[in-house]
**Q** 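Structure incoming, see below.
What's counted below: heavy atoms across the whole structure, side chains too, no hydrogens, waters or symmetry copies. Nothing here was measured: the structure is a model prediction, and the numbers come from that model.
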Amino acid sequence: MGTPLTATMHAVAVTPKQPGSARQVELPIPTTAPGMALMRVLEVGIDGTDTEINEGLYGEPPPGAPFLVIGHEALSVVEAVGEGVSGFKPGDLVVSTVRRPDNCPNCLAGESDMCLFGTYTERGIKGAHGYMGEYYSETPAFMVKIPPALRPFAVLLEPLSIVEKATFQAWTIQQRMVWEPKRAVVLGAGPIGILCTLLLRLRGLEVHVYAKSAPESLQGRILTDLGATYQSVDDHPVTGIKDALGQIDFILEGTGNSSVAFEAMAQLGTNGVLCLTGVSAGNRSIEIPADVINLQMVLGNRVTFGSVNANRRYFEMGLEHFQQAERTWPGIFERLITRRVPFGDFQSALDRRPEDIKTLLTIAAS
């Protein structure tokens with residue numbers, strides 16, 4: 001039988017589609033039910049999805065709930081385990097995945113990130129409460145155990161999983177031909193852009209990153225230390241990168257700007273592949289050189305694909321690359337964490353600042 005806990009906890013929730021509604025709410029602490037683990041949240045990473053949900057752009061509460069607890073990047077510790085739980089014990093560090101499957105063929109095969117029916121739920125985003133609270137309950141199938149040595153930056157595993165999937169799938173797609181990529185471009189210098197650059201450098205590619213930040217910014221310095229070239233789009237527009245660089249084999253678009261996404265299509269080299277990871281929230285209309293893009297895509301065997309979310313295997317890939325990257329560039333991940341904000345100051349954490357790379361909301365001590 002489950003062990004009921006009558007105490008309550010605090011969490012940060014929003015009323016979806018209501019701008020600026022983030023507030024602290026009180027909820028019962030979940031029970032330690034059979035087959036479930038009770039998780040105590042240590043820290044939560046803030047990303048653009050959280051701020052956009054708080055801006056009222058999207059988000060969906062659980063059925064029947066008046067609000068949605070946000071947060072989908074979390075490092076937690078197992079507080080207790082219910083009857084029948086194996087492989088985890090109290091004290092284990094865990095990062096839980098985000099999406100929960102429906103009954104489509106892809107979800108049944110463990111590919112909830114490729115869901116066909118679209119009736120999945122996502123923690124802190126769509127139909128399920130997230131991790132920005134003191135506790136949550138979870139099933140072991142969605143829990144990834146974290147080695148203690150990775151504790152200082154393990155909360156970055158969720159955004160790392162996004163680019164693990166993007167690069168893995170790009171390379172898998174390119175098995176359609178003999179493909180020996182040499183040069184890559186990353187658009188955007190937020191966590192997704194920097195983490196993708198790191199993975200591409202581990203693969204040995206020449207990497208060029210373009211974003212809005214100045215070259216002397218922290219983002220620029222980190223990217224340079226990774227061995228990439230960083231340039232501001234103020235001085236080097238996306239529309240000119242093909243002329244400046246020559247053949248571009250892979251592009252990762254991580255800005256969420258639809259204009260940039262279409263500009264990138266025209267910069268891709270022969271046999272190249274472009275992965276779009278940014279989500280455009282809005283209804284912007286733009287003019288594009290459709291005939292030119294169509295001609296290039298067909299005659300150049302180019303591919304453009306979208307990638308969202310990540311299933312468990314990409315989290316596990318991320319654990320391996322965490323360790324490989326730390327050996328190559330010691331301390332690189334901790335440099336991405338630019339602010340740690342106390343739980344009570346969550347409004348400040350949701351307020352993105354130009355110098356932010358990754359802001360963490362500290363929920364509890366280890």
**Q** So, does Arg352 use its side chain to make a donor-acceptor pair with the main chain of Ala349 at under 3.5 Å?
**A** no

**Q** Tell me, please, whether Trp171 has Arg203 positioned over its six-membered ring: NZ or CZ under 6.0 Å from the ring centre and within 45 degrees of its axis?
**A** yes

**Q** Indicate if Val303 and Val163 have the same hydrophobic cluster label, given that clusters are the connected sets of ILVMFWY residues with side-chain heavy-atom separations under 4.5 angstrom.
**A** yes

**Q** Ignoring hydrogens and geometry beyond distance, is a side-chain donor-acceptor pair present between Thr15 and Arg23 at under 3.5 Å?
**A** yes

**Q** Is Thr229 close to Val207 at the side-chain level, that is, under 4.5 Å between some pair of heavy atoms?
**A** no

**Q** Verify the distance criterion only: is there a donor paired with an acceptor across the side chains of His208 and Glu206 at less than 3.5 Å?
**A** yes

**Q** Under a 4.0 Å threshold between the charged nitrogen and the carboxylate oxygen, would Lys358 count as salt-bridged to Asp47?
**A** no

**Q** Do Ser76 and Tyr135 have a side chain donor and acceptor closer than 3.5 Å?
**A** no

**Q** To the nearest 0.5 Å, what is the distance between CG on Leu160 and CG on Leu198?
**A** 7.5 Å

**Q** Counting only N and O atoms by type, is there a donor-acceptor contact under 3.5 Å from the side chain of Ser217 to the main-chain atoms of Gly220?
**A** yes

**Q** Is a side-chain donor-acceptor pair under 3.5 Å present for Glu326 with Thr328?
**A** no

**Q** Distance check, rounded to the nearest 0.5 Å: Asp225 atom CG versus Arg201 atom CZ?
**A** 11.5 Å

**Q** For Glu180, look at atom CD and say whether over 12 heavy atoms of other residues, nucleotides or ligands are found less than 6.0 Å away.
**A** no

**Q** Treat each ILVMFWY residue as a node, draw an edge where side-chain heavy atoms are under 4.5 Å apart, and state whether Leu38 and Met36 are in one component.
**A** no

**Q** Pairing donors with acceptors under 3.5 angstrom, does anything connect the side chains of Tyr230 and Gln219?
**A** no

**Q** Within 45° of the axis and under 6.0 Å from the centre of the six-membered ring of Tyr131, does NZ or CZ of Arg123 qualify?
**A** no

**Q** Is there a continuous path of hydrophobic side-chain contacts, each under 4.5 Å between heavy atoms, that joins Ile162 to Tyr314?
**A** no

**Q** Would you indicate whether the side-chain heavy atoms of Leu75 and Ile146 approach each other to under 4.5 Å?
**A** yes

**Q** Taking Leu276 as the starting point, is it possible to reach Met114 by hopping between hydrophobic residues whose side chains are less than 4.5 Å apart?
**A** no

**Q** Taking Asp356 for the side chain and Arg353 for the main chain, is one N or O donor matched with an acceptor at less than 3.5 Å?
**A** yes

**Q** Just do the side chain to side chain contact (heavy atoms under 4.5 Å, CB included) check on Val238 and Val233 with the steps written out, would you?
**A** CA-CA 7 Å; Val238 172; Val233 292; 4.2 Å; yes

**Q** Mind checking ring-ring contact (aromatic ring centres under 6.0 Å, His included) for Phe67 and listing every partner two or more places apart, or none if nothing turns up?
**A** His129

**Q** Does the side chain of Leu274 reach to within under 4.5 Å of the side chain of Arg302, using non-hydrogen atoms?
**A** no

**Q** Using a distance-only test with no angle check, is there a side-chain donor-acceptor pair under 3.5 angstrom linking His72 and Glu122?
**A** no

**Q** Using modelled atom types only, decide if a donor and an acceptor are shared between the side chain of Gln18 and the backbone of Val14 within a distance under 3.5 Å.
**A** no

**Q** For the pair Asn54 (side chain) and Ala22 (backbone), establish whether a donor and an acceptor sit closer than 3.5 Å, ignoring hydrogens and angles.
**A** yes

**Q** So, applying salt bridge (Lys or Arg N to Asp or Glu O under 4.0 Å) with Asp113, which one of Arg100, Arg99, Arg312, Lys165 is it?
**A** Lys165

**Q** Please tell me if the side chains of Tyr136 and Val41 come closer than 4.5 Å, counting only heavy atoms from C-beta onward.
**A** yes

**Q** Do any N or O atoms from the side chain of Asp249 and from the backbone of Lys182 form a donor-acceptor pair under 3.5 angstrom?
**A** yes

**Q** Taking the side chain as every heavy atom from C-beta outward, state whether Ile251 and Ile248 have any pair of such atoms under 4.5 Å apart.
**A** yes

**Q** Hey, could you give me the CG/OG1 distance between Asn309 and Thr97, rounded to the nearest 0.5 Å?
**A** 8.0 Å

**Q** For Ser161 and Ala310, indicate whether the former's side chain and the latter's backbone hold a donor-acceptor pair under 3.5 Å.
**A** no

**Q** Just wondering, do Ser96 and Glu138 contact through their side chains at under 4.5 Å, heavy atoms?
**A** yes

**Q** Checking Asp92 side chain against Lys89 main chain: does a donor-acceptor pair fall under 3.5 Å?
**A** yes

**Q** Hey, does the side chain of Glu253 reach the backbone of Thr255 with a donor-acceptor pair shorter than 3.5 angstrom?
**A** yes

**Q** Where do Gly118 and Lys126 come nearest, in terms of heavy atoms and distance?
**A** O-NZ, 3.2 Å

**Q** Relative to Phe88, does Lys145 satisfy both conditions: NZ or CZ under 6.0 angstrom from the six-membered ring centre, and within 45 degrees of the ring's axis?
**A** yes

**Q** Give the cluster check for Val98 versus Val308: same hydrophobic cluster or not, with ILVMFWY residues linked at side-chain heavy-atom distances below 4.5 Å.
**A** no

**Q** Tell me, do His236 and Ile241 make a side-chain contact under 4.5 Å, heavy atoms counted?
**A** no

**Q** Using 4.0 Å as the upper bound for N to carboxylate O, is an ion pair formed by Glu43 and Arg151?
**A** yes

**Q** Within the side chain of Gln267, is there an N or O that forms a donor-acceptor pair under 3.5 Å with the backbone of Thr239?
**A** yes

**Q** Would Leu360 and Ile46 count as a side chain to side chain contact (heavy atoms under 4.5 Å, CB included) here? Give the steps.
**A** CA-CA 6 Å; Leu360 301 188; Ile46 307 296; over 6 Å; no

**Q** Could you report the tightest heavy-atom contact between Gly35 and Val85, atom names first, then the distance?
**A** C-CG2, 3.5 Å

**Q** Could you grab the distance from atom CE of Met9 to atom CG of Leu27, nearest 0.5 Å is fine?
**A** 5.0 Å

**Q** Answer whether the closest heavy-atom distance between the side chains of Phe250 and Arg183 falls below 4.5 Å.
**A** no

**Q** Please report the interatomic distance OG1(Thr270) to CD(Gln296), rounded to the nearest 0.5 Å.
**A** 9.0 Å

**Q** Give a yes-or-no answer on whether the side chains of Gln174 and Arg176 include a donor-acceptor pair shorter than 3.5 Å.
**A** yes

**Q** Distance from Ile222 atom CD1 to Thr338 atom OG1, nearest 0.5 Å?
**A** 8.5 Å

**Q** Do you know which two heavy atoms are closest between Pro159 and Val155, and how far apart they sit?
**A** CD-O, 3.9 Å

